[in-house]
Amino acid sequence: MPIKPLNAQTLTALLARLDNAKHGEIRSIVPLSPTSIEIRFSVQDIARGYDWIDVAFRIEGVRDAKLASDNVLKSLDMSEGITVEFGANECALALGSYSGRAYEAPLYIIGTSLGYEELPFSA
């Protein structure tokens with residue numbers, strides 16, 4: 001399945017369906033290029049009876065990021081889920097509840113566009 005672009009309307013529906021990825025797990029963070037990063041989460045999907053799936057978010061036009069190394073990803077606290085926002089000419093994905101202040105999150109990616117792909121659960 002190809003990457004689907006997100007906008008404010010589709011983002012709201014997706015995050016509601018995934019309960020903002022609360023209590024999920026970060027599977028990987030992969031820099032695809034100097035300005036493109038993919039972050040993959042395992043989350044429960046309300047629309048599928050709370051079955052686990054993986055969701056990969058791809059942020060393009062990355063201009064700032066605070067990332068974590070692979071060996072600490074599983075230990076990051078996902079109890080608050082993720083914050084994903086669109087602003088004027090930018091989008092942000094942050095770990096935790098950081099509405100309007102993604103730069104304060106322990107992990108964040110700021111870019112110009114955002115898309116996602118649903119994938120099979122990776123145990």
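Note that the structure is a prediction, hence the values are computed from the model and not measured.
Residues I82 and L15 form a side-chain contact, since some pair of their non-hydrogen atoms from C-beta on lies under 4.5 Å apart. At a threshold of 4.5 Å between non-hydrogen side-chain atoms, the residues L114 and F86 count as touching. Taking the side chain as every heavy atom from C-beta outward, Y103 and D64 approach each other to under 4.5 Å. In this structure, I39 and L107 have side chains that are in contact, with non-hydrogen atoms separated by less than 4.5 Å. Looking at heavy atoms from C-beta onward, D19 lies out of side-chain contact with V43 at the 4.5 angstrom threshold. Within the 4.5 Å cutoff, side-chain heavy atoms of E85 are placed close to those of S99.
Y98 and Y108 have their aromatic ring centers separated by at least 6.0 angstrom.
L14 and F121 end up in different hydrophobic clusters when Ile, Leu, Val, Met, Phe, Trp and Tyr side chains are linked at under 4.5 Å.
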Could you list the donor-acceptor pairs under 3.5 angstrom formed by side chains in residues 27-36, with sequence neighbours left out?
unit_1, atom_1, unit_2, atom_2, d
R27, NE, S42, OG, 2.6
R27, NE, S122, O, 3.2
R27, NE, S122, OG, 3.4
R27, NH1, E25, OE2, 2.8
R27, NH2, S42, OG, 3.3
R27, NH2, S122, O, 2.7
S33, OG, T35, N, 3.3
S33, OG, S36, N, 3.3
S36, OG, E60, OE1, 3.2
S36, OG, E60, OE2, 3.1

Can you list, pair by pair, the side-chain donor-acceptor contacts under 3.5 Å of residues 46-53, counting residues two or more places apart and other chains?
unit_1, atom_1, unit_2, atom_2, d
R48, NE, D45, OD2, 3.3
R48, NH2, E118, OE1, 2.7

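Separation of atoms CG (L119) and CZ (F41) is listed at 13.0 Å; rounding is to 0.5 Å. Between L73 atom CG and N71 atom CG the span is 8.0 Å, to the nearest 0.5 Å. Distance OG/S113 to CD1/I3: 10.5 Å, rounded to 0.5 Å. For the atom pair OG1 (T112) and CD1 (I59), the distance works out to 10.5 Å, reported to the nearest 0.5 Å. Summarising the geometry, atom CD belonging to E80 is positioned 9.5 Å from atom NE2 belonging to H23; distances are rounded to the nearest 0.5 Å.
Judged as a salt bridge (charged side-chain N to carboxylate O under 4.0 Å, His left out), and not counting sequence neighbours, the contacts of E38 are R58.
Between A65 and I37, the shortest heavy-atom contact is CB-CD1, 4.2 Å. Taking both residues in full, the closest heavy atoms of I110 and A102 are given as CD1-CB, 4.0 Å, listed atom of the first, atom of the second, then distance.
With hydrogens and angles disregarded, a donor-acceptor distance shorter than 3.5 Å links the side chain of D77 to the backbone of S79.
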Kindly determine whether V62 and I109 satisfy side chain to side chain contact (heavy atoms under 4.5 Å, CB included), including the steps that lead there. CA-CA 7 Å; V62 173; I109 306 168; 3.9 Å; yes

